[in-house]
There are 2 protein chains.
Amino acid sequence: MVTLAEVARHAGVSASTVSYVLSGKRPISDPTRRRVRASIEQLGYQPHAGARALASSRSRIIALMVPLRTDMYVPVMLEIAVAVATAARAHGYDVLLLTGEEGPSALRRVTGSGLAEAVILMDVQLDDERLPLLRAAGPPAVLVGLPADPEGLNCVDLDFAAAGALCVEHLADLGHREIAVIGESPGVYARHTGFAERTLRGLRDGAAERGVRLLHRPCEGGHDAVAGVLARILDERPGVTAFVVQNETAVEPLLTLLRRTGRAVPEDVSVVAVCAGQVAAQASVPLSSVAIPAQELGRSAVERLVAGLSRPEGADTARVELLTPALTVRDSSGPPPPPAGVGS
Amino acid sequence: MVTLAEVARHAGVSASTVSYVLSGKRPISDPTRRRVRASIEQLGYQPHAGARALASSRSRIIALMVPLRTDMYVPVMLEIAVAVATAARAHGYDVLLLTGEEGPSALRRVTGSGLAEAVILMDVQLDDERLPLLRAAGPPAVLVGLPADPEGLNCVDLDFAAAGALCVEHLADLGHREIAVIGESPGVYARHTGFAERTLRGLRDGAAERGVRLLHRPCEGGHDAVAGVLARILDERPGVTAFVVQNETAVEPLLTLLRRTGRAVPEDVSVVAVCAGQVAAQASVPLSSVAIPAQELGRSAVERLVAGLSRPEGADTARVELLTPALTVRDSSGPPPPPAGVGS
DNA sequence: CTCGCCCGTCGAAGCGCTTCGATCTTCTTG
DNA sequence: CAAGAAGATCGAAGCGCTTCGACGGGCGAG
């Protein structure tokens with residue numbers, strides 16, 4: 001392994017000079033810099049990460065905690081994770097992968113040992129057990145998601161309430177008066193995962209404002225579960241003319257079931273989804289949908305973290321950033337069919 | 001931050017003693033050990049990761065390189081990644097997340113800087129550009145996947161050839177004589193991703209052995225793409241009575257399309273998949289399938305790495321491990337319909 | 001022409017930990 | 001009963017890097 005000292009010797013300068021060339025924290029004359037750079041190149045020098053972290057007490061590592069549950073749509077999670085990794089690299093950081101499993105203790109571990117200088121948390125619950133740790137002078141952190149009380153925390157998320165409202169508005173504009181919502185797994189609500197509840201609130205508020213009837217049902221993924229939920233909905237509210245789906249694994253089963261029971265989309269019923277853009281676009285009927293901006297979320301989380309890390313200490317930037325949702329109209333939403341008995 | 005020295009002072013011993021208590025590399029008397037442990041506990045001491053890595057030249061970090069392509073089924077990737085993280089933690093290692101984007105240079109970086117002591121590579125291609133680096137006295141590495149020439153490399157993967165053969169055998173046993181394969185995206189084959197090609201070979205060999213006609217067509221995900229491919233297959237080979245699908249995003253569209261064109265599964269056509277178990281189980285017709293053992297793959301990769309790392313240097317364990325596939329019979333496969341004209 | 005200043009560079013002191021003798025006991029054994 | 005073995009602990013020397021204060025030489029100003 002090549003060390004700083006060897007580079008220094010090779011370039012005929014002192015170790016500190018090489019260090020300053022690398023960090024740019026002090027001016028180095030052009031010829032010297034060139035010489036050092038050449039030596040670095042020639043010897044294939046790579047600074048030792050541990051030594052660096054020790055001397056500077058900055059590891060240049062961000063810990064990313066991803067849930068390991070499987071009842072939520074996974075591709076979005078991976079997409080965010082990859083976006084985080086990519087954005088982090090762009091700022092010279094690496095990403096440490098933590099699973100939600102370990103909870104707060106994992107945060108303490110990587111943070112207390114100086115392994116990671118900051119953390120990004122995904123799948124934040126309304127009353128997350130990791131929050132106290134972060135508020136109590138914990139490490140710099142950004143949550144992807146919004147807890148019940150974001151006070152003193154740095155959060156980024158899609159404005160799911162607005163997303164919900166957007167869906168209702170779109171359908172109300174088309175003339176729908178009775179809407180059913182097929183939601184995430186019951187487990188997601190039971191855990192009080194913020195985004196699910198916020199979407200629901202947005203849907204309800206929107207419905208109230210537009211005088212639309214709304215029925216919400218959580219739903220497991222998979223064909224059979226959706227079949228059950230759908231049957232109950234249609235039984236309870238035969239007048240439903242539109243669905244809002246917030247559960248990627250329910251999308252295709254729903255379309256299949258509607259088709260099978262003779263309901264054409266969008267002629268007989270409209271469907272709007274809140275889900276990964278790709279899922280909506282590739283569905284058997286391309287769905288009008290509000291996409292979850294995974295890339296954007298990951299990128300934004302990193303940027304805020306990095307901004308905070310390089311800011312002159314103490315300047316607390318705890319703030320909530322809610323991305324504005326956008327509804328993409330595809331083929332699955334249209335006006336409701338004319339009321340029965342009134343021929344077209 | 002609490003340091004080793006403070007713990008030592010608090011416990012009334014020398015720093016080295018504390019270190020030996022922690023590492024167990026020298027015998028420490030019971031009372032002393034107890035005292036040191038108590039001090040550690042009381043002060044909330046956490047060893048500094050960087051200092052440790054510097055002094056011992058072991059970072060206890062494994063780098064995991066995940067692809068960031070989206071044309072392959074993502075949940076399996078995440079599942080493997082999470083399994084790797086979990087298994088690594090069980091052995092006292094942490095996992096650094098690398099995206100495939102950066103290629104060999106990322107490996108050189110994390111490895112050359114001592115950030116990671118070993119790497120796990122996912123989405124390995126037959127002629128992967130990262131391989132030369134690994135063979136040339138690179139860092140300890142395990143590939144999840146199988147390149148064209150695994151010589152000198154440590155690989156774990158599902159035996160996709162056997163998986164392919166298994167599918168054909170199952171269908172042949174049921175009496176099918178003409179099978180169509182709906183494969184991964186053309187891009188996957190163009191990249192020469194090992195698993196896709198190996199599955200295909202297994203399918204072809206199996207078909208040859210059993211005297212079954214086989215037609216293979218790559219296929220993008222999404223409804224429309226599947227529709228196109230399916231139409232062409234049915235046109236070209238009207239006698240097809242069974243499908244093997246190796247493309248998670250094609251599964252549901254295929255079932256939808258078969259249904260819509262009046263083909264009942266499994267009465268008229270059988271469908272067998274090679275995909276994530278959950279996808280097969282939750283499909284609108286639960287699919288007979290060969291599952292991809294994501295957990296197992298991740299775990300195994302870590303175990304081999306850890307075994308190698310703690311082995312007395314030089315004992316090269318380059319070896320290929322192919323997991324034996326298992327076919328789970330669900331509702332989507334049955335005997336072919338009786339030949340036309342011959343009433344049942 | 002000389003003083004003081006700034007620019008560019010160097011030396012040395014750590015950062016917190018591991019590890020290798022060395023030291024001091026306490027046993028064991030011939 | 002002395003000599004050596006074995007056990008328990010200590011001290012010190014780094015690991016490779018950052019960073020702070022110091023230093024020397026060239027320059028403009030007085």
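FYI, side chains are in, hydrogens and waters are out, and symmetry mates aren't considered; it's all heavy atoms of this structure. In what follows, chains are A, B, ... by sequence order, proteins preceding strands, each numbered from 1.
- Between the side chains of B:S14 and B:T17, at least one donor N or O lies within less than 3.5 Å of an accepting N or O.
- A salt bridge between A:E6 and A:R9 is absent, with no side-chain N of the basic residue lying under 4.0 Å from a carboxylate O of the acidic one.
- In this structure, the CG atom of B:L22 is 12 Å from the P atom of C:dT19, given to the nearest Å.
- Checked by distance alone, B:R26 brings a side-chain donor or acceptor within 3.5 Å of a matching partner on the base of C:dG21.
- The separation between B:M1 atom CE and C:dC15 atom P is 12 Å, rounded to whole Å.
- If you check every strand for non-hydrogen atoms under 4.0 Å, A:S16 touches a base.
- Straight-line distance from the CG atom of A:L4 to the P atom of D:dC15: 13 Å, rounded to whole Å.
- Each of C:dT19, D:dC10, D:dT18 was ranked by its minimum atom distance to the side chain of B:S19; first place goes to C:dT19.
- Using modelled atom types, no side-chain atom of A:R33 and backbone atom of A:V21 make a donor-acceptor pair closer than 3.5 Å.
- Atom NE2 of B:H10 is separated from atom C1' of C:dG16 by 19 Å (rounded to the nearest Å).
- We find that A:R109 and A:E102 are joined by a salt bridge, their nearest charged nitrogen and carboxylate oxygen being less than 4.0 Å apart.
- The backbone N or O of A:A87 lies less than 3.5 Å from no partner atom in the side chain of A:R299, so there is not a single donor-acceptor pair.
- Contacts of residues 52-59 of chain A with DNA chain C (heavy atom under 4.0 Å): A:L54, A:A55.
- When the C1' atom of C:dC17 is taken as reference, atom NZ of B:K25 falls 11 Å away, rounded to whole Å.
- Straight-line distance from the CZ atom of A:R9 to the P atom of D:dG16: 12 Å, rounded to whole Å.
- Distance, A:R60 CZ to D:dG16 P: 22 Å, rounded to whole Å.
- Residue A:H48 has its side chain nearest to D:dC17 when only D:dT9, D:dC17, C:dT9 are considered.
- Judged by distance alone, with hydrogens and angles left aside, B:Y20 brings a side-chain donor or acceptor within reach of the base of C:dC20, the pair sitting under 3.5 Å.
- Between the side chain of B:R108 and the backbone N or O of B:L133, no donor-acceptor pair lies under 3.5 Å.
- B:I28 comes within 4.0 angstrom of the backbone, heavy atoms only, and of no base.
- Looking at which nucleotide of DNA chain D each of B:P27 and B:A51 is closest to, the 5′-most match is held by B:P27.
- For B:E321, the CD atom is densely surrounded, since the number of other residues' heavy atoms within 6.0 Å is greater than 12.
- The shortest distance between the side-chain N/O atoms of B:S29 and the OP1/OP2 oxygens of D:dT9 is below 4.0 Å.
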